[in-house]
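Let me begin by presenting the structure, written as structure tokens, before commenting on it.
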Amino acid sequence: WNDRQVLLRSGSPLRLEHLERVALQEAAVLILPGADHAEHNLQAVDAQTVKTLMAISRHASDAGAVPPLAVAEIFDGRNAVVGQRAYAGDCEVLAADEVISRLIAQSVRQRGLCDVFSELLTLDLGNAVYVRPLDAAAGAPFGHLRSAYPRAIPLGIVRSADGRPALNPDPETILQDDDLVVLLARRFDDCAPQETRPASFPFSAAAMLPPALEGRRRVLVLGWSRKVPALLREFARYGADAFEIDVVSSTPTSEREEAIGRQAAATGSGQVRQIEASYTLPGVLERLDPHRYDNIVLLASERLADEEQADATTVFAYLTLSGLLPREAPGPRVFVELLDEENLFLFDRTREDVIVSPLVVSYLLSQVALRRELGSIFTELSRPWGAQIVLQPAQDYLPTNGPVRFDDLDRAAERRGEIALGFRLCQEGLVLNPDRDTDWAVTARDEVVILTSYAERDLAGLAPPEDASVTRSVDHSEQ
């Protein structure tokens, strides 16, 4: 037996005899990836995933056995209930495109946030999220855990009764015997607790108000993919007047509006404009006046079936934009989606946020396969309310005229009812869960990474109703 060995078998997951050849009943976990970026019949892919779950479940039932844990990716989040119903065993159904869309929407609002999530989702890069039993701390308030892990940061708990995470909970929440602790650490071995002691400062448990937007933000979306309707829906959650969005693609406007209608994506009344044009043609981007926008989102195009061609188009558009935007004066924030990790080196990640979406989805599926509670944890963190990871000016928490330690930031966040996760420094970059004995020189240009909570009613109430999906179309096909 070699746990590093990968065996490849040909066959179809829709055929039970093919599944039996790989001894599915002896598996610890089954992973069912969803559609790739160029798949157009996405509902059919979801139907195949649900059918496979049902076949495996029925086969296990006939054998008098319980099927193994299944982790399935679907395209349309509304099909999650059907997938759960089709499977008799433990099952985690992930609407991965929805999670990616939420991360893009959050990154548009906060530059640098995608780097935080990229690190959290990878087990071999910096820190990751771990879940472990509570051990001997039952009966104590959650706030006392802050000092129990010298090399890890407690983020919250998962109640075994319902499997739902409570991140950045009320510090006075009493821990129960069957609770699981959610931790940020570099290794699982770093999650071993030590003796707890009471917190040094009074707790504050009030949920913060959502951060006020600096007026309506103008967003230019270049490219079209199946994620755009979900992305528009996430933007709409921040309020009908929070964003003014132009979507530019050579994909016919009628196709886009049909896709938005199929997903019942609320886009806000009149705040989304569909522009039909090929932004890779000379002069098109220049006529769009990209410097007028606050944010520019470059999405991988699904019109190109090959990932290399899609990334080449993205790089071309990025270089064209670079020649149109000011280099010294503040310009629009640029967010780039890639499909191949090998192309990351082409971008200056200190200036632009870059995400490799297939890689993030793969990391998400693999992490949930290892610890199923992580699915609900990452879903919670990607929502626009509740527990949120935010980047805040360092000078709001720490003095900028001398060396500081992470414990200083931890105490400052504790006073506000928040949890400190690390620094985002201009020189060193992102530093999560830093060493407790290291001195850091923090400047006014640096940021701190904080886990806070926003009241759900304040953001959820801003989202328009689902039938308010109205888009305006502009035909620039001549360009």
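All residue numbers in this chain count up from 1 along the given sequence. Since the structure is predicted, the reported quantities are computational estimates derived from the model, not experimental observations.
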Do Arg411 and Glu414 meet the salt-bridge criterion of a basic N to acidic O distance under 4.0 Å? no
Show every ring pair (Phe, Tyr, Trp, His ring centres under 6.0 Å) that has at least one partner inside residues 395-436, sequence neighbours left out. Phe423-Trp440
In the structure I gave you, are the side-chain heavy atoms of Val334 and Arg111 within less than 4.5 Å of one another anywhere? no
Has Gln106 got a side-chain atom pairing as donor or acceptor with Arg383's backbone, closer than 3.5 angstrom? yes
Where do Ile245 and Val221 land on the side-chain contact (heavy atoms from CB on, under 4.5 Å) test, with the steps shown first? CA-CA 7 Å; Ile245 304 168; Val221 178; 3.9 Å; yes
Specify the closest pair of heavy atoms between Val108 and Asn295, including all atoms of both residues, with the distance to one decimal. O-ND2, 3.0 Å
Please tell me whether Thr452 and Glu418 have a donor and an acceptor in their side chains that are separated by less than 3.5 angstrom. yes
Do Leu364 and Leu94 have side-chain heavy atoms sitting under 4.5 Å apart? yes
Could you list the donor-acceptor pairs under 3.5 angstrom formed by side chains in residues 56-65, with sequence neighbours left out?
from, atom 1, to, atom 2, distance (Å)
Ser57, OG, Ala88, N, 2.9
His59, ND1, Glu20, OE2, 3.4

For a 4.5 angstrom cut-off between non-hydrogen side-chain atoms, does Leu451 reach Leu381? yes
Hits for salt bridge (Lys or Arg N to Asp or Glu O under 4.0 Å) against Asp90, two or more places apart or cross-chain, chain-then-number order -> Arg372
Is it true that Asp76 and Arg78 make a salt bridge, defined as a side-chain N closer than 4.0 Å to a carboxylate O? yes
Should we say atom CD of Gln427 is surrounded by more than 12 heavy atoms from elsewhere, each under 6.0 Å from it? no
Residues Glu17, Arg21: salt bridge by 4.0 Å N-O rule: no
Val6 and Leu8, any side-chain heavy atoms less than 4.5 Å apart: yes
Taking only residues at least two apart or on different chains, which pairs with a member in residues 420-433 satisfy salt bridge (charged side-chain N to carboxylate O under 4.0 Å, His left out)? Arg424-Glu447
Ignoring hydrogens and geometry, is there a side-chain-to-backbone donor-acceptor pair from Asp178 to Ser160 under 3.5 Å? no
Write down the atom of Pro154, the atom of Leu145, and the distance for their closest heavy-atom approach. CG-O, 3.3 Å
Any ring pair (Phe, Tyr, Trp, His ring centres under 6.0 Å) pairs touching residues 332-368, not counting sequence neighbours? Tyr318-Phe347
Non-hydrogen atoms of Arg132 and Cys191 that approach each other most closely: CD-O, 3.0 Å
Which pairs count as side-chain hydrogen bond (donor to acceptor under 3.5 Å, both in side chains) when at least one residue sits in residues 179-191, sequence neighbours excluded? Arg151-Asp190, Arg159-Asp179, Arg187-Asp190
Are a donor atom and an acceptor atom from the side chains of Glu337 and Ser357 found within less than 3.5 Å of each other? yes
Side chain of Thr173, backbone of Pro169: donor and acceptor closer than 3.5 Å? no
Go through the steps for Val360 and Ile100 under the test side-chain contact (heavy atoms from CB on, under 4.5 Å), then give the verdict. CA-CA 8 Å; Val360 172; Ile100 293 294; 3.4 Å; yes
Side-chain contact test, heavy atoms from C-beta onward, threshold under 4.5 Å: evaluate it for Leu120 versus Leu184 and give yes or no. yes
Quick one: does any side-chain atom of Ser101 pair with a main-chain N or O of Lys227 as donor and acceptor, under 3.5 Å? yes
Quick one: pull up CG in Leu398 and CD in Gln392 and give me the separation to the nearest 0.5 Å. 12.0 Å
Would you mind reporting whether Val29 and Pro68 have side-chain heavy atoms less than 4.5 Å apart? no
Between Leu222 and Leu220, is any pair of side-chain heavy atoms under 4.5 Å apart? yes
Using every non-hydrogen atom in the two residues, find where Ala420 and Arg146 come nearest and quote the distance to one decimal. N-NH2, 4.4 Å
Residue pair Thr443 / Thr400, side-chain heavy-atom distance below 4.5 Å: no
Looking only at heavy atoms, which two atoms of Ala27 and Leu30 are closest? And how far apart? CB-CD2, 3.8 Å
Exceeds 12 heavy-atom contacts within 6.0 angstrom, atom CZ of Arg445: no
Among side-chain atoms of Asp353 and Ser107, is any donor-acceptor pair under 3.5 angstrom? no
Is the shortest side-chain N to carboxylate O distance from Arg233 to Glu98 below 4.0 Å? yes
So, the side chain of Asp311 versus the backbone of Leu339: is there a donor-acceptor pair under 3.5 Å, distance only? yes
Just do the side-chain contact (heavy atoms from CB on, under 4.5 Å) check on Glu373 and Leu180 with the steps written out, would you? CA-CA 9 Å; Glu373 292 86 0; Leu180 301 172; 3.6 Å; yes
Around atom CG of Asp435, are there more than 12 heavy atoms of other residues, nucleotides or ligands at under 6.0 Å? yes
Using every non-hydrogen atom in the two residues, find where Pro165 and Ile377 come nearest and quote the distance to one decimal. CB-CG1, 3.9 Å
